[in-house]
Amino acid sequence: MSDRQATILWLRRDLRLSDHPAFMAAIARGGPVVPVFIHDDLVEGLGAAPKWRLGLSLADLAARLEAVGSRLILRRGDALAVLRSLVEELGAGAVMWSRLYDPQSIERDTRVKAALKDDGVEVESHAGHLLFEPWTVETGAGGFYKVYTPFWRAVRGREVAAPLAAPAEIAAPAAWPMSETLDDWQLGRAMNRGAEVCRPYQRVGEEAAQGRLGWFMGEAVGGYNAARDLPAEDGTSGLSENLALGEISPRRCWHAGMRAMEEGKPGAETWLQELVWREFAYHLIYHTPHITSESWREEWRDFPWSEVEDDRVLAWKQGRTGVPFVDAAMREMYVTGKMHNRARMIVASYLTKHLMTHWRIGQAWFEECLTDWDPASNALGWQWSAGSGPDATPYFRIFNAETQAKKFDPEGVYLRRWIAERQRGPTSTALSFFEAVPRSWGLSPHMPYPEEPIVGLKEGRRLALDAYEGWKT
Ligand SMILES: Cc1cc2nc3c(=O)[nH]c(=O)nc-3n(C[C@H](O)[C@H](O)[C@H](O)COP(=O)(O)OP(=O)(O)OC[C@H]3O[C@@H](n4cnc5c(N)ncnc54)[C@H](O)[C@@H]3O)c2cc1C
């Protein structure tokens, strides 16, 4: 065995053992494999909820690795500096990782790859986070897709390789390098008392994710077409948190969906289409990285959105706008770390249209609060809702939260679940919002619910349309 046979596996958003091409490639090199997670500036910059959720995932992965005789090494610092020092300590000959596609990760990974190669280290980046690498899907004219439906048509018939099994054994180095601990990192610090409230809603790790996928395909996908629009129902897969951190691979999801489709389950194709929305979001973030920070359509960059975080924006964040559907959804996110997709569209519409506030403010708040936060899907979701993005809903399509509630929550179950103030005997779920929020917000379930919306639905619609007309001309 050469003295450069050890391989470092740099884990990031691929926190699983099965269907992990980079892991298998590291094992195939034949020497010991040292899995490492680096707490660098990108991790430091995560919002409170996704950072806390990452910590739960790392703890789960560390336990899984130990069960197969391996370990998860934790190090804090600049990624290149940490990898260089581990290469030196271990005498490692190679570093491998699964690719990421957001602009910050690409910038970092390109720099790290070039420097390690200059040092004479073998470096390989592998697929694993997506079904289709963004540069492999091209329009007839040779460009990238800007519209979802032709993107879906281009990929739906493609061969997707079957998921790989988890390694049964991972060779360990003669001596494990020093590791920091998750306790040292305190990834949940910014969650404060919210962590305890939010914890029961998290389905953490590979085993839980695969179990949920099995449940969804067995019990729920058949009813997905109708249930996916009903925020009070448990009618969607709930796998976004697992996909965001790579606790489950999209390939595993794809194959499960395909099997359900072949079995004639009615919602399966729609579900696969949703999975491909995630791919589309990554296709766009790769080809047009400005989607994360600027209105994707250039002409929208001077739209008169406010970027001031005034009292109305605070009311939106705190679930106190006086528009029950909006408030229920914002509270759902604060308590569970997730929000139903229809609710995401409604709160985004209310912020960017009724409150005439820039989508970036909403994007940043979601980044703070979502345990399924994903750089690509969040950016696309916001720009789609605001009207500034690719294949976006037209700006003048303004959701009416009241009509939406009547249609998709006709019995008011979702509203009662989340808004305590409007009830005599509120549920513990509704009350838990007040246990999760910062004390500094000064909220209590005994406060009266706002009598009037901060901006009425009709009034806000008119203001938004007037602003749009004025801007267009
Ligand atoms: C303003 C806004 C912000 C959003 N931010 C995020 C985010 O930060 N992270 C995130 O994962 N999703 C985001 N979405 C997309 C969507 O709301 C969630 O993916 C979905 O609610 C997750 O629930 P689920 O796992 O039960 O989905 P299912 O309905 O079971 O769908 C299966 C999977 O498909 C993908 N998917 C579904 N809908 C979409 C979509 N519209 N766009 C992209 N991928 C999709 C997800 O990975 C999801 O897990 C956002 C949507 C909007 C409108």
Side-chain angles (χ1 to χ4, degrees), residues 148 228-232 236 274 277 281 291 295-297 300 303-334 338-370 373 377-409 414-415 418-419 450 452-472:
Y148 169 79
R228 74 195 187 101
D229 269 324
L230 308 175
T236 65
E274 293 305 321
W277 267 103
I291 194 170
S295 285
W296 190 86
R297 289 176 193 278
W300 276 86
F303 188 72
W305 275 312
S306 158
E307 294 215 51
V308 180
E309 301 225 16
D310 57 16
D311 284 353
R312 297 174 328 154
V313 173
L314 187 64
W316 177 81
K317 288 183 177 176
Q318 295 184 338
R320 302 264 312 159
T321 63
V323 180
F325 202 153
V326 171
D327 294 341
M330 297 305 286
R331 295 176 188 205
E332 178 189 26
M333 176 166 71
Y334 210 89
K338 279 160 278 182
M339 189 194 287
H340 192 275
N341 183 58
R342 177 146 297 275
R344 292 187 208 217
M345 295 191 292
I346 290 166
V347 303
S349 176
Y350 190 75
L351 184 77
T352 56
K353 296 172 186 180
H354 291 81
L355 300 187
M356 278 297 291
T357 297
H358 204 292
W359 57 264
R360 273 197 290 256
I361 290 185
Q363 178 200 27
W365 186 241
F366 272 30
E367 181 167 351
E368 187 65 13
C369 299
L370 284 174
W373 175 73
S377 299
N378 196 36
L380 178 62
W382 274 98
Q383 296 235 31
W384 183 91
S385 304
S388 59
D391 203 6
T393 182
Y395 183 84
F396 48 79
R397 183 167 171 229
I398 298 175
F399 279 102
N400 180 315
E402 215 173 280
T403 321
Q404 292 279 311
K406 279 195 189 122
K407 195 163 170 200
F408 297 111
D409 185 36
Y414 184 65
L415 304 190
W418 292 113
I419 303 185
E452 292 290 325
I454 48 168
V455 173
L457 296 178
K458 277 198 188 131
E459 177 202 354
R461 180 184 161 79
R462 191 180 33 74
L463 288 172
L465 290 178
D466 286 352
Y468 178 66
E469 288 304 322
W471 167 77
K472 241 186 13 176

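- Within the 4.5 Å cutoff, the side chain of Ile361 has heavy atoms near those of the Val313 side chain.
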Validation: residues 381-389 side-chain donor-acceptor distances under 3.5 Å, sequence neighbours left out:
residue, atom, partner, partner atom, Å
Trp382, NE1, Asn378, OD1, 3.4
Gln383, OE1, Trp296, N, 2.8
Gln383, OE1, Ser388, OG, 2.8
Gln383, NE2, Ile291, O, 2.9
Gln383, NE2, Glu294, O, 2.8
Trp384, NE1, Asp391, O, 3.2
Ser385, OG, Gly381, O, 2.8
Ser388, OG, Trp359, NE1, 3.4

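- A ring-ring contact (aromatic ring centres under 6.0 Å, His included) with Trp471 is found for one member of Trp305, Phe396, Phe303 and no other, namely Phe303.
- In this structure, Tyr148 has its ring center under 6.0 Å from that of Trp277.
- You'll find the side chain of Met356 stays beyond 4.5 Å of the side chain of Ser306, heavy atoms only.
- Both the sub-6.0 Å distance and the 45° axial angle are not jointly satisfied by Arg397 relative to the ring of Tyr395.
- Taking OG of Ser349 as the start and CZ of Phe399 as the end, the distance is 6.0 Å to the nearest 0.5 Å.
- Within 6.0 Å of the CD atom in Glu307, the count of heavy atoms belonging to other residues, nucleotides or ligands exceeds 12.
- The shortest side-chain heavy-atom distance between Tyr350 and Val455 falls under the 4.5 Å cut-off.
- Between Leu457 atom CG and Lys353 atom NZ the span is 13.5 Å, to the nearest 0.5 Å.
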Would you give me the side-chain donor-acceptor pairs under 3.5 Å for residues 460-467, sequence neighbours excluded?
none

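- In this structure, the side chain of Arg344 engages the main chain of Met339 through a donor-acceptor pair within 3.5 Å.
- Among residues two or more places apart in sequence or in another chain, the salt bridge (Lys or Arg N to Asp or Glu O under 4.0 Å) test is passed with Asp310 by Arg312.
- Without hydrogens or angle criteria, His340 side chain to Ala329 main chain gives no donor-acceptor distance under 3.5 Å.
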